[in-house]
Each structure stands twice: as structure tokens, then as C-alpha cells.
Amino acid sequence: MLAGDPALAEPVPPGKHDAEVDRLFGAGGPLAPAVGTFKPRQSQTEMAKAIAQAIGEQQVLMAEAGTGTGKTFAYLVPALLWGGKTIISTGTKNLQDQLFLRDIPTVRAALKAPVSVALLKGRSNYVCHFHLERTLQNGRLTSRDDVGHLREISRFIKMTNSGDKAELTKVPETASVWNLVTSTRDTCMGQECQYYQDCFVMKARREAQQADVVVVNHHLFFADVALKDTGVAELLPSANTVIFDEAHQLPDTATMFFGQTVSTSQVLELCRDVLAEGLAHARGPDWAKVVTVVEKAARDLRLTFGQDTMRLSLPQIMPNSPFFPALETLKEELEGMITVLEEQAERAETIEQCRVRAVELKAALDAWKPDAKGKVVEGDQAVLWVEAFSSSLQLHKTPLSVAPVFSSQREGTPRAWIFTSATLAVKNDFTHFSDQMGLTGEPAKTWPSPFNYQDQGLLYVPTGLPEPHAFAYTDAVVDCALPVIEAAGGRTFFLCTTLRAVNRVAERLRQEFADRGLPFPLFVQGERGRTELLDSFRNAGNAVLVGSQSFWEGVDVRGDALSLVIIDKLPFSPPDDPVLAARIEVMEKQGLNGFMHHQLPEAIITLKQGAGRLIRDVDDRGVLMICDPRIISKPYGRRIWQSLPPFKRTRVQADVIEFFQPGSLSAASSGPDS
């Protein structure tokens, strides 16, 4: 099935487009003049051939491409030329914008391909005419900033074609005013709305219907499968090709959307809207009294779990916990509010909307219960668990496997399904990803990175560190890292597995840099937005950035600004994760080892993502410092470092210091035991 195999049976002989792919990606092809830095790469050309073939045969292909392969062009060229109606789904909205604004226009112009392209995001990304007007009239704003932001949005709506808030950079994406000027599935008036013809959400969906290529993101794709509310449901039937970039994120994203979550925050938001709409349209009932009892019940439910944030599966909640009666009270009070809303619903469309939301919330609360035998795992299909935050409580019902739901999505109309990422396999073995997504037995192929990791990079595992669960582990890691950060001249990503570690590392580095007079700017996740932190890091040229999960992937810093990536611990999922615990329980009932079959592959894929931050270009050089001694001391350690890029390896700090000396090519050993 893969490019280069001998000819197979019709309808599409293998390699039908091979010669054309060779021409397009070759030295004299159209891509080189369109992209100043483009150089032919065999791995990219071969990957494009395999994707062209999967598209032609309407088959599945899992395609892992090492950093630097150029996977975006490897799937865009065949998609734009032979993909028919194509949906491309990416990991984040930022990547979506990059594809739509930069990569696709570049390839389309180079190929002179007459394809139309549309961008489709979730409805919360588009300004809503109705909610904007209502907010302008109500004046329910809590801060001076919001007033200024609202003025900018009113101006923006008169000039924009798309209504996409990403275009309005003057208003931060996190500004609270956006919640007041965008719609949700619950608060959209649909065809009843006076602005329906001008609606930006509907316009984006119409454009997506008509376009040859539609760019979405994974959240949108799976929200649609679950809710049928994003416009993807109408696109799928006509799609010939579906491409998932950053496909390693799919199991987590799909799990989130195929599950159900109901929270006390949703109840409080509903109460706020019921009060506003009731007072505006129906003077009869005492609306303050109607909502106050529900608000109190929601807050009381949250208070049954003290002040800490925590996660508990249903069996971990004591049978005599006040949680259970508080949950019943909330359902009863909500039922009372529904009765009032039913009596008043015909007064206004917005009150009817509140009634529908209340009924849906009550149904979600009713559905959150164990099966008849009182088990948390319902036929081994779902796990019930609660998550407490500082001021809200979420009740989750999470599927243990998304494979059955996703497999049923792929049934029906034949089409090509392409899954690509730099990290899908564990040492060329795709079993973990394919089992999670229901793709067992489907074709999979790896293309190695074109980078010369032997010369460009060094893997350093220091000696003498305590076990990761030791009390002062993070301090020991910082002590070990400081001489290396100094030798690297800053230029460091310090990646941690927990936010607590981020805070401790930042506190220690701030103090040490001051005490030692080190001139390295320090940037810490959470102190500013991610994009702003990255821009500041790149511009500084000698900075240290401390981050957790959101900096392990999807971050591209080329050149000298990043020369050292430090990883504090192997990124195993927290053992108290209720969904993980239930998955492992099911695996062990099937005779599998939960650690080897699930936790280890997950950790390796995450670690590969973190390691992938280091070498981003043919001229990059750097050190990957993994502090966790288990990579050497545990039997599974070999499987971990064999899955990483083939760096030279050392355990000697002096080798690392020497690597950073001007003009040095490190002489560290590359033997398996080093």
C-alpha cells in the first residue's frame, strides 16, 4: 500500500502520482521558488507519495514524520491536487490560522491550484450581532477595560468580513467581555434571530460548505461529532479526504468530547440569565427568589468537598458523604425553577431558551449515576468522577475508550483518513495510537528526520540525582541544571511535569540568577499569555523559560535563542487520575500490563514532543537534559531513550560544558551504555 511497493490490483495502481510528486518536490519544481528556504528532502517526497496513494485508494494512513521532514507540505500538495473535498484538522486555533493564512496560500500559489479554502472555528470565536447589541444596551460591564474593549468590538463588527475575534488583536483573547458578545449553542436564537442573514457563524459555515478545502481544529471536529453544533457534521458527508495534523492529540480530545461534563458554573450562569430575562420580560414571579435557591444549592454542592482542588472517582466518595444529598437537593431546586420557566416560556424567546437549558442541565445531572449494580465502570465503558476547582465542581462521565465511537464515525462513505504527527509511534510501533483510535491493522509508516542529530545534539542524563518522589527533588534538579544553564548562556526551556514544580523552579532560578549576577531574563508560564512569553523569549536571545504542559508541544523556536531543553521528570500521568485508574483496571482484567501498554507509551510520546522543541532546523545545535534517573535505572528506560532522536549521549557534565564552547563538536560517547 505504501509508496514504492510493487503494483497492486486496480482501481488505483500504487505510485500513480509518484512521478508528479518527484517533479513537484524536486530541485527544479515549483515549491523551491515559492518558499525561499525550500530544499528537496527525500523523507518529505516519500511521505507525499504515500499520502497521495492513500487519497487515491480512499484508505487510512498513519504517517509519523520526524521534525524537519516538512509534513505540512507533504500532505498539502496531494490534498490540494487530488484530495477532492478535504477537511484538514489541526491541534490548535493558532496552527489553524497558520495553515489558512500562510501555508495553504503558499502551496496553492506554487501549484497554481484553483482550490477554494475556508476556515471554520467554534461559534465562540465569532462576534454575535444579537449579543453585542444586547450588551451595549444593558451596560452590564464590570471594569473600565471591558468598556474600552466593547468600543473596539463595536468598531470591528462594522469593518470585518469574518467576525473572527482573532483578527481583533487590540482585545485580548482572554478578555471577559468576549463571553458577553459571542453566542453558545444554548444562547443562539437560530433562525428566529433578526440578524440571522448577517450571522458570522452561519456565514463561516456556508463558506465551508462551498469550499474545496476546510481548515478546522480537533476540538471543533469532535465537538461536532458529539453535539452536531459546529458545522462539521454537514461537511463530513461530502468530504473525500480527512487529514488530522498533530494527530497524537486526538485520543485526549476525543475522550473529552465523547464524555459528558456538567458543572456548578453552568448552573450559576443559567441562574444569572434567568434573572436577567425574567426581570426584562415577565414581571409576575419573584425571580430573585426563584434563582437564589438554585444558586445556593449549586454552591452547597461545591462546598461538600472542602477548599482544595481535587479529583475523585465515584467509588472514592464515601457513601455517607454530604455530596449525595446535596446533589439531590440541586436537582430538586432546578426542577422547581423549570416549573416557573415553563409557566413563563411563551412571554419571550429568551425565557424559552433558558427553559431548554435548564431541562438539559437537569438531564445531565440525572444521567450522572452508576449503573444498576452501583458500579463506576458501566460495562467497562465509562467512568464517573468529580473534579473540584476553587469555586466550581464538575461531574464527568468519561468513556474508557473512544475507539468504538470513532470507528463508527469512519464507517459509511469511503474516504481517505490521514493521521500525521512527529509523535505517533513508540520506536516505530504504532500499536498504542492505533488501539486508542480504533485503527488496528491499518497502514502506518515512519519517515525519519533529515537532521543530523549525532552532530547537532547531545542527550545528557546527570548522575547523582535522587528518585523523583524524593522530598527535595526539584531543588536537586535546579542545582544540577544551573551550571548547564550558565554554560548555555541562558537560551533554555525548563520543562516541568507539574505546575508546582514550575513555581518552585522559577522561585529558585530568580534567586540564583540574582545571587550569581547572571543576566538571563526569566519567563514563567502563567505570568503572561503563551504567545507573548514566546515572543519575549525569542527576542531576548539569552532567556530562560519555565513552563509545563503547554510548552511541551506546538512551540517552534529556531536558531540560537534555544540551545538547552531541560526536562525535570518523565511525564507519566498522575496516578490519582480517575480515568487512567479505570483504564488500567480494565486492561489488567484483560491480562495486559497497564503500565507497559498504556502509561509508558503515553509518557514516551509526550517526552518525544518535549525533546522535539530542541532541534528545529538544519543548523540548530543543543543539549537535551533529562534529569529523571529512571531513564537509566529502570528496565523500561532503554525503551524510552531508544524512542528519542539518535543524539550522542553522556552522563558527564564536563562533556556538556564543552559542547557549549565556541566551535566545539562534543566528543561524548554514543555507545548504548553511556
Side-chain angles (χ1 to χ4, degrees), residues 140 142-143 174 176 179-180 184 186-187 256 259-279 285-341 354-355 357-371 374-376 382-398 498-500 503 526 574-582:
R140 283 192 305 184
T142 50
S143 73
T174 52
S176 56
N179 296 329
L180 300 173
T184 65
D186 294 331
T187 63
M256 184 165 69
Q260 293 166 328
T261 296
V262 58
S263 75
T264 56
S265 314
Q266 287 171 283
V267 176
L268 294 174
E269 279 168 24
L270 172 67
C271 288
R272 184 192 70 194
D273 291 347
V274 166
L275 183 61
E277 298 309 325
L279 292 174
D286 182 346
W287 288 105
K289 197 171 173 185
V290 171
V291 301
T292 305
V293 287
V294 182
E295 285 176 337
K296 181 178 185 309
R299 292 198 172 97
D300 286 348
L301 182 65
R302 166 62 193 89
L303 292 173
T304 59
F305 289 108
Q307 287 309 309
D308 286 344
T309 57
M310 51 101 234
R311 302 165 135 205
L312 290 173
S313 64
L314 185 56
Q316 291 175 307
I317 304 172
M318 298 299 285
N320 61 355
S321 164
F323 165 76
F324 295 105
L327 180 57
E328 290 309 312
T329 303
L330 176 58
K331 290 183 198 172
E332 286 164 18
E333 300 299 1
L334 199 52
E335 189 66 58
M337 186 160 86
I338 290 170
T339 306
V340 177
L341 288 168
C354 288
R355 184 197 68 79
R357 281 165 67 190
V359 168
E360 285 178 359
L361 273 177
K362 172 73 166 44
L365 289 168
D366 287 339
W368 196 89
K369 60 173 187 274
D371 66 2
K375 282 186 179 170
V376 55
V383 57
L384 301 177
W385 55 289
V386 300
E387 189 169 18
F389 298 95
S390 56
S391 58
S392 71
L393 188 74
Q394 294 186 341
L395 309 184
H396 300 277
K397 185 175 185 177
T398 303
T498 63
L499 286 172
R500 184 184 295 159
N503 295 333
D576 63 346
D577 183 310
V579 181
L580 176 66

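Values below: every heavy atom of this structure, side chains too, minus hydrogens, waters and symmetry copies.
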**Message:** I need the full list of salt bridge (charged side-chain N to carboxylate O under 4.0 Å, His left out) pairs touching residues 310-325, with sequence neighbours left out, sorted by first then second residue.
**Reply:** Arg311-Glu387, Arg311-Asp577

**Request:** Name all pairs fulfilling the salt bridge (charged side-chain N to carboxylate O under 4.0 Å, His left out) condition that reach into residues 315-325, sequence neighbours left out, sorted by first residue then second.
**Result:**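 Checked against salt bridge (charged side-chain N to carboxylate O under 4.0 Å, His left out) - neighbours excluded - no pair reaches residues 315-325.
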
Closest non-hydrogen atom pair, [X] against [Y]:
X: Asp366; Y: Lys369; value: O-NZ, 3.3 Å
X: Ser321; Y: Pro325; value: O-CD, 3.4 Å
X: Cys354; Y: Glu277; value: SG-CG, 4.3 Å
X: Val262; Y: Ala364; value: CB-CB, 3.9 Å
X: Ala388; Y: Arg302; value: CB-CZ, 3.9 Å
X: Ala298; Y: Val267; value: CB-CG1, 4.0 Å

Quick one: [atom1] on [X] to [atom2] on [Y], what's the gap to the nearest 0.5 Å?
X: Leu301; Y: Leu395; atom1: CG; atom2: CG; answer: 6.5 Å
X: Thr264; Y: Glu295; atom1: OG1; atom2: CD; answer: 11.5 Å
X: Gln260; Y: Leu384; atom1: CD; atom2: CG; answer: 9.5 Å
X: Trp385; Y: Thr261; atom1: CH2; atom2: OG1; answer: 7.0 Å
X: Ile317; Y: Thr304; atom1: CD1; atom2: OG1; answer: 8.0 Å
X: Arg355; Y: Thr339; atom1: CZ; atom2: OG1; answer: 11.0 Å

With a 4.5 Å heavy-atom cut-off, do [X] and [Y] have their side chains touching?
X: Val340; Y: Trp287; value: yes
X: Arg357; Y: Thr187; value: yes
X: Val290; Y: Asp286; value: no
X: Val383; Y: His396; value: no
X: Asn179; Y: Glu269; value: no
X: Thr329; Y: Asp300; value: no

**Message:** Does Met337 form a side-chain contact (heavy atoms from CB on, under 4.5 Å) with Val291? I'd like the steps, not just the answer.
**Reply:** CA-CA 7 Å; Met337 186 160 86; Val291 301; 4.2 Å; yes

**Request:** Pick out which of Val293, Thr292, Val294 makes a side chain to side chain contact (heavy atoms under 4.5 Å, CB included) with Cys271.
**Result:** Val294

**Message:** List the residues meeting ring pair (Phe, Tyr, Trp, His ring centres under 6.0 Å) with Phe305, not counting sequence neighbours, and say none if there are none.
**Reply:**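 For Phe305 the ring pair (Phe, Tyr, Trp, His ring centres under 6.0 Å) partners, ignoring immediate neighbours, are Phe323.
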
**Prompt:** More than 12 non-hydrogen atoms from neighbouring residues, nucleotides or ligands closer than 6.0 Å to NZ on Lys331, yes or no?
**Reply:**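 Atom NZ in Lys331 is packed in, count exceeds 12.
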
**Item:** By side chain to side chain contact (heavy atoms under 4.5 Å, CB included) - contacts of Ala358 (at least two apart)
**Value:** Leu270, Ile338, Leu341

**Item:** For Arg500, side chain to side chain contact (heavy atoms under 4.5 Å, CB included) partners two or more places apart
**Value:**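 Testing Arg500 for side chain to side chain contact (heavy atoms under 4.5 Å, CB included), a comparison that skips the adjacent residues, returns Thr498.
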
**Message:** I'd like to check the salt bridge (Lys or Arg N to Asp or Glu O under 4.0 Å) partners of Glu360; sequence neighbours left out, ordered by chain and number.
**Reply:**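 Partners of Glu360 under the salt bridge (Lys or Arg N to Asp or Glu O under 4.0 Å) test: none.
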
